[in-house]
Structures are given as C-alpha cells and as structure tokens.
Amino acid sequence: MELIITEKDNAARRIAEILSEGGASVERRNGVAVYRWGGRRCIGLSGHVVGVDFPPEYADWRDVRPVELVDAEVVKTETQENIVAALRSLAREADRAIVATDYDREGELIGKEAYELVREEADIPIRRVRFSSITDREVREAFAEPEELDFDLAAAGEARQIIDLMWGAALTRFLSLSAKQLGDDFISVGRVQSPTLKLIVDREREIEAFDPEDYWELYADLAKEAGAADDEFEAQYFFEGDDGTEQERLWDEDEATAADERLRGATSAVVESVRRRTRTDDPPAPFNTTQYIRAAGSIGYSAQRAMSIAEDLYTAGYVTYPRTDNTVYPDDLDERELLETFAGHPNFGDDARHLLERDEIEPTSGDKQTTDHPPIHPTGEFPTELTDDEWEVYELVVRRFFATVAEPATWAHLRVVAEANGCRLKANGKRLVDPGYHAVYPYLSTTENYVPEVEEGERLDVTEVRLDAKQTQPPRRRGQSRLIETMESMGVGTKATRHGTLQKLYDRGYIEGDPPRPTKLAMGVVEAAERFADLVVSEEMTAQLEQDMTAIADGEATLDDVTDESRDILKRVFADLHDSREEIGKHLRASLKADKVLGPCPECGSDLLVRRSRWGSYFVGCDGYPDCEYTLPLPNRGEPMVLDERCEEHDLKHVKMLAGRNTFTHGCPRCRAEEADETEDRVIGACPDCGPEEGGELAIKTLRSGSRLVGCTRYPECEYSLPLPRRGEIEVLDERCEEHDLPELVVHNGDPWELGCPICNFAEYKARRAARAIEDLDGVGRKTAEKLAAVGIESLDDLRTAEADEVAAEVQGVSADRIREWQTEASAG
DNA sequence: GCAAGGTC
C-alpha cells in the first residue's frame, strides 16, 4: 500500500479525488478521515502534529530560573494525538510513503515530522512531491516523478522553532516573575509579537510628542461669467516656496490675512493656464492574504473576522486557500473558463458576460510569486446558503477576481491655474471617463472633482473667498489592516499568523480599541525590552533569523551553529537583566496600575481604580480598600478602557466601554452616578408582573451605572424591567399602547427614534436578536431563518428543543440531519 | 501559565 500524507484534510480529499479520478472512498481512523482507492491511502494532517517544548522538569515557573531555559534541552511532543496515532497505524500497513505537504519551508518541516513518525513504525521508502496548486495537471505531474525531502530546509524551520521558544519562554518568564504576574495575566514577549507591539508603541510616542503648528489655507470659489450656477468650482491659493516648489500652506498669520485681503479685493480671476491629461488607472493585483484583509477591512470587517469568514468559505469549497503570499495566478488557472462558470449566475452573470467580451483575457499580477498556494480567488463552486457577512465577503473575492481580468479605468484630469489680484489659484479636476474595472469592483473610491471647461485668458467671477485656520495633525494610529501591511513589509510574522498576533496583543492587555491603542502596560514592556533585550523588540531579529535559515537551507550552516550563537546572545541579555530585576518589576507594576487609575478618591484621597468583582463585573474602587470602601458602578456591558481625557469637576479620567460594535463612552463615572442620583423616576403605568396584586408601578429610571430602564417601583422585591437606550432625552407621549396600557416613548438623540410602547419594543428587539442568532448558525441563511420562523422556531431555544424530524417534514429543502447539526451548534454556542 | 508556526 502507498501512503500519501498531506498538510490538511482538504488537500488530502482533493488529491484523492484527482488521483482516483473520483473513485476514492472515505473511512475513519481514530476519527481522522482517510481516503482510499486501489492500493493507495491518503491522510491529511492538521499542520504541525508535533511541537517543541521543554522537558517536564522545567514546567514550574517558580522552580526554574528563567536563564536555565537557555541551555535546556528542547524536545518534540505529539500535539495532535489522534492524527499521530492514525498516521502510525497507516504507516505499519504501508510499503512506501509520499509526503505531499505544502510547498514551502514550514511544509517541508511538517513533512519531516511526518517522515519521522512513519520511520518509527516502518522502514519503507519515503519520498516527497511538490506542487503549487492542487490542480489535475500539477498533481499528476508531481506524483509521476517524486523527489526527496529537503532535510536542510526542514532544519531551517526547526532552528526557528528552537530560537523562538527559548527567547520567548525565557524572557516571558523573567518579566512575569519580576512583576509577580504569574496567573492568567503573565507578561509575554516574542520575536513577532514584541516588534509588532513596539510599532504600535512608537506611533503612540510620536502622537504624544506631537506639537501642533498653526497654518492657514486660502480658497476661492470661481464661476464662469456666463455659465450655469453649478459651474462654480473651488480653487486654492498657492505660491512658490523658497525651494521653487508649489506651496499651499501659509505659516504666518499676518501673511495669511494679507493674502486673504488681497484676494477679497478681486472680483474676477483670469485663467492663466489649462492643462488636460488622461490617466489610466490599472486594475488591482490578485488577492494575497494581506490585501484581502485590507479590502475586507474597507467594508468593515476586522482582520480576525475577515480571516475567519475566508476560512469558512474555503472549507466549504467556494474560494481557494486564504493563507497565501502569492499575487500571481498560476499557469493552470484558466481565467476565461472560470469567468464562463459565472456567466449564468443571477448576481454575477451580467458582469461576467461583459468581461468575456474582451478578445484577450490577460490577468493582472503582483510582485510576489510563491510556490505554495495560488492567490485567493473563487473556485467556481457556487454557494447556496450563506450568512449576510459570508455573502458580502464572497462577493468581494469574486469581484476582485473580475477586477484582475478587467480593463483599466481612464480618468480625465484638468488643471486650471488662474490669477486674481496678484494671487495665484489652482484647481484640479478629475472625471472618470471610462470606469473600466471599477464597473465590476465597486470597493475603491471613484469620487470625481468637478472643474468646468475653461479657456486660457478667460475671465472668471470670484464668488467667495475663504481663509481656513488649520493645525498640523499628529500621525494617525494604524488600523488593523495597516498594521498587518506594515508587519508584512517588515518581514515579521507570516500570512497565516499576523492577524492572530494582533489578537494576541489584545488578549494580553497590550492594546485596546480599533485602531489599536497601546496600554500603559505595553509602554512599560516595550521600555523594559528596549533597555535590556533590544533584539526581541526589533525587526532585525527576524531579518537575522531569515538569513540564518537561508544559510541552513543552503547547507552553509548547521542547526546547531545557528541555535548556539543565539544561545550566546540570549545569555548576554540575561547577564544584564539579572541586576535590574527589582527595578524592572517595579516599573512593570507601576505600568499595570497606570492603566487602571482614574484619579483621587473623594473620601480618602488615594487612587480610584478600575477593579473587577468576584463575579466578573467591573466597578471603580479605592486603592485604600479595606480602610476606604468608596465605590462607583460601571456599565455592565463591555471592557472598560481608561481614556486620557479628564473630568474637570472631579479630576477623574473618562472611561470608555469596549464592546465591539456597541462600544460607547461612559465618561466620568462620578458624573454619571450623580446625574442618576438627581434624576427623578418617571412613573408611566402599572407593573404587568406585580401591579394587580401589589400595586407596583413601572417607571423610567436612570441607574448610577448610567444604564436606563423601565422598571418596577417595588424593586428589588419585583425585578420586572425593560431596557432603554443609554443616550438621548426620553419623551413620554400621550398616546398609549392598547395592549399594555403604557405610553409611547420617543428618544431624541439625533433623528427622533419612535420607540413606542416599551413592552412591545422589547418583544420586537428580542425577536430580531433571536432571528440573528439563528442566522449565525453555520449554513442558515435569511431565507431558511424565515422558513424556520414560519413553523414557530424563533429562538435558539426553540431550535434546540424542536423535534428535528418534525421540523424537516414541515420545512422544505432542509434535512433532519442538517437540523440536528444546527441543534448541536446551537447548544455549543 | 512561556513563542511562533501550522490548521479547524
């Protein structure tokens, strides 16, 4: 029997399909899928099935001095026991094996790990095949002429594993021990996470150090003398700077007002020059992971969410592998054929047919060509049931593919320079003459700037003059996709890990919000690392490692050469760290506290801190506790983030509550509490729970945490309550709900929101939320959710408790098995 | 309880 080993199940299934010409069957070993046909078996791993670690005697952080990890042995442990067991048992039955993992360095290492597991069981020939996309031709050609594993390349990967573990673990333990942070709140550093964190911290330092400067810009509205009213356009004042370049900003107020007055003295301007240009705007390159994340970010998806959706679409077979650096379509991809599959599609058909009219389909390509996976593109398999988010992302991938085979766009640029009373004015117009690829890819801006056709020497009316006082702005914080792009350009992390690294920084309490802002703890960690272990916060560590890995792969260095040198460097770092342990610990503890301090306690003058209760909720408490028991409540939704902004009255920092899309600013917690104390409850009717027996009434209440609700006046004996929005004035109308005998409410926060009867409103809200929860289940689209609602399934609970067979009989197109899958998912979530 | 890299 010949055993074929791939990096993942998906690849195993597709390779089996190709080599067996569709004749493969699936069986399970230890729960792992094995594809069989003829004399062949094919198993997919799950990436690395073994990992590096220290022997168990190094496990206790308190027992082992961190520096000892530098010379500790590094052992391999099985991390995916089911898969390893399945692989071993298959190996015992095989008379030869073929490693078919991904065609990249990490794939070579994963292949070598499989090689060693097989070797422990059987002394059989083990060969290697390499292909860059799982297509019929590439796979057949690769299997026709198997090659050998590249052990040097695999050793390069192992060197990375060892160095990352030893630096990461030793320094993480050192910092955590020094700050006495040993539980879930340990303080981590690493070759990838720390330079990424420094990138964010450095930008924050620039922002903090920024000193804004005043400047002025001068504008005039110009209009053709006999033209239509909408022929008016804006032109900007400019002058020649000392270096001969065009300048728009006036840095001196007197000069600015002088120019303003001069221009105001002009009633007309004379066109000095008109320049027309045509510019082509080339369609974008195929999607690699980073550019995909960026595009998904521009339509509102976080990096993590974008990757998670892409992975789901990939597993379902609708798009190709989402983790790739490649921006060049492989020769095997027939773009015309793929377009043809879309020609009959209800959503994409028109665009696909239009693109097929081109004589020659020549796709764009990016700078980077790799051997592991093609750029992300649709497979041509059409999805049936997608959630709204999945559909939006799927459409993005389809349209990006369309864009890469579409024509360039053409813009007409028109630059007009005019002179008015000695002032020179310019206007740059642009018009999209031919939308080209924008017609099929509507995600990039096509904003035009209108400037009418004018002639040289033509006289224009000056209809308005504006002098804008402005200030230079600090650099902007990078958003998630910009950070990922920067990490890529620094060579830090990989296509498969960068978004996860950002998530890790959030989880470790190093960054908050979006765009991410570093915490004081992050500032402290980066400062400590810069002083004592500069290498671990520098991108050079990765650059050096890459060079060393290349040397190992080329046979110019050995794994031991490289790891021993790294050990020496790390030992020198520890020699410096040793004496400063106390000082570093104090600094880190001060940083940790700084993230939580709001300001002085009104009762004892100690610091008020954001704290967490035993039940997990947040509140503001005094650092003087238990001597001082002063507290203030915080909203019960989201994670509190302390802002720099301070309340003038109470000298307390403002608090923002981070809750994804529902993030809001709470402000000064003392102000909120005092406002609540001063707000009278407004009675609006009888309590439906206890009104008849106990005479309880419903009132609009404001809590000290800032929440508002309609609740029973007998609270806490009666806990009946309905939520109200946090913001906006609540108006009570005379109209009453017939069913509940309560007044209709209107919330004034921007556009008036007619909330109506609070009981009806809450019922509707719950129904909407339930519908959304059901739609979030894997493979339940809106249509299915509607069908389920029609048979009375309106919440996850309804779904969980329903009889799958009965529902299947009533709902067309949904099997009982499918419903049981959803029930499992609903119970798990 | 450490890292970073695969993959789910």
Side-chain angles (χ1 to χ4, degrees), chain A residues 6-12 31-33 44-54 58-70 72 74 76 79-80 82-83 101-114 154 156-177 180-197 307-316 321-324 372-373 487 492-505 507-508 533 536 541-542 545-546 549 566 570 778 828:
Chain A
T6 69
E7 190 156 323
K8 42 190 169 279
D9 174 64
N10 226 302
V32 183
L45 308 177
S46 182
H48 291 287
V49 292
V50 297
V52 290
D53 206 346
F54 299 110
Y58 292 90
D60 193 325
W61 290 32
R62 272 163 300 215
D63 273 3
V64 181
R65 286 180 303 128
V67 69
E68 289 177 47
L69 295 179
V70 182
V74 173
K76 292 207 176 181
T79 50
Q80 304 272 2
N82 281 345
I83 299 176
T101 47
D102 292 355
Y103 186 8
D104 58 15
R105 187 176 57 218
E106 217 59 27
E108 210 66 21
L109 177 52
I110 291 164
K112 191 212 161 194
E113 289 159 3
E158 287 182 291
R160 179 200 58 69
Q161 288 184 317
I162 294 167
I163 290 171
D164 281 341
L165 175 64
M166 134 187 130
W167 279 76
L171 289 172
T172 294
R173 287 195 192 181
F174 180 90
L175 291 184
S176 303
L177 283 162
K180 300 189 179 66
Q181 290 283 302
L182 290 190
D184 294 336
D185 300 322
F186 63 87
I187 296 172
S188 67
V189 281
R191 174 179 57 84
V192 172
Q193 60 170 278
S194 298
T196 305
L197 189 57
M307 283 314 289
S308 148
I309 295 174
E311 278 153 19
D312 288 345
L313 292 173
Y314 157 69
T315 321
Y321 192 65
R323 295 182 271 264
T324 177
D372 50 354
H373 300 285
M487 289 169 77
V492 155
T494 74
K495 70 229 171 186
T497 60
R498 290 185 192 112
H499 63 283
T501 300
L502 288 187
Q503 188 56 51
K504 182 177 280 183
L505 297 179
D507 295 344
R508 296 281 153 84
V536 85
M541 179 154 177
T542 295
L545 184 60
E546 287 290 342
M549 283 195 288
S566 187
L570 185 53
D778 205 15

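Chain identifiers are assigned alphabetically (A, B, ...) following the order of the sequence lines, protein sequences preceding nucleic acid strands; residue numbering begins at 1 within each chain. Atoms considered below: every heavy atom in the structure, side chains included; atoms not considered: hydrogens, waters and symmetry mates.
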On DNA chain B, does the nearest nucleotide to D9(A) precede the nearest nucleotide to F54(A) from the 5' side, or the other way round? Give the residue.
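This one resolves to F54(A).
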Nearest nucleotide by nearest heavy atom, which residue falls closer to the 5' end of DNA chain B, T79(A) or W167(A)?
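Mapping each residue to its closest nucleotide by heavy atoms, the 5'-most match is W167(A).
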Over how many whole Å does the gap from [X] atom [atom1] to [N] atom [atom2] extend?
{"X": "I110(A)", "N": "dT7(B)", "atom1": "CD1", "atom2": "P", "result": "6 Å"}
{"X": "Q503(A)", "N": "dC8(B)", "atom1": "CD", "atom2": "P", "result": "19 Å"}
{"X": "L69(A)", "N": "dA3(B)", "atom1": "CG", "atom2": "P", "result": "12 Å"}
{"X": "Y321(A)", "N": "dG6(B)", "atom1": "OH", "atom2": "P", "result": "8 Å"}
{"X": "K76(A)", "N": "dG6(B)", "atom1": "NZ", "atom2": "P", "result": "15 Å"}
{"X": "M307(A)", "N": "dG5(B)", "atom1": "CE", "atom2": "P", "result": "14 Å"}
{"X": "M541(A)", "N": "dG5(B)", "atom1": "CE", "atom2": "P", "result": "11 Å"}

Ignoring backbone atoms, establish whether [X] has a side-chain N or O less than 4.0 Å from OP1 or OP2 of [N].
{"X": "R508(A)", "N": "dA3(B)", "result": "yes"}
{"X": "Q193(A)", "N": "dA4(B)", "result": "yes"}
{"X": "T494(A)", "N": "dG6(B)", "result": "yes"}
{"X": "K495(A)", "N": "dG5(B)", "result": "no"}

Look at all strands and tell whether [X] reaches a base, only sugar-phosphate, or nothing, counting heavy atoms closer than 4.0 Å.
{"X": "Y58(A)", "value": "nothing"}
{"X": "R191(A)", "value": "sugar-phosphate"}
{"X": "Q80(A)", "value": "base"}
{"X": "D53(A)", "value": "base"}
{"X": "R62(A)", "value": "base"}
{"X": "G183(A)", "value": "base"}
{"X": "V49(A)", "value": "nothing"}

So [Y] and [X], do their side chains get closer than 4.5 Å, heavy atoms only?
{"X": "P195(A)", "Y": "M541(A)", "value": "no"}
{"X": "K8(A)", "Y": "D102(A)", "value": "yes"}
{"X": "R191(A)", "Y": "I163(A)", "value": "no"}
{"X": "H48(A)", "Y": "L109(A)", "value": "yes"}
{"X": "Y321(A)", "Y": "D372(A)", "value": "no"}

Which nucleotide, [options], lies nearest any side-chain atom of [X]?
{"X": "A59(A)", "options": "dT7(B), dG1(B), dG5(B)", "result": "dG1(B)"}
{"X": "H48(A)", "options": "dC2(B), dC8(B), dG5(B)", "result": "dG5(B)"}
{"X": "R323(A)", "options": "dA4(B), dT7(B), dC2(B)", "result": "dT7(B)"}
{"X": "R160(A)", "options": "dC2(B), dT7(B), dG5(B)", "result": "dG5(B)"}
{"X": "E106(A)", "options": "dG5(B), dC2(B), dC8(B)", "result": "dG5(B)"}
{"X": "R173(A)", "options": "dT7(B), dA4(B), dC2(B)", "result": "dC2(B)"}

Partner of E106(A) under salt bridge (Lys or Arg N to Asp or Glu O under 4.0 Å), chosen from K495(A), R160(A), K112(A)
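Option passing the salt bridge (Lys or Arg N to Asp or Glu O under 4.0 Å) with E106(A): R160(A).
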T101(A) side-chain N/O to E7(A) backbone N/O, donor-acceptor pair under 3.5 Å:
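Checked: no pair found.
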Can you find a donor-acceptor pair, distance only, under 3.5 Å between S188(A) side chain and dC2(B) base?
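No such pair is found, so the answer is no.
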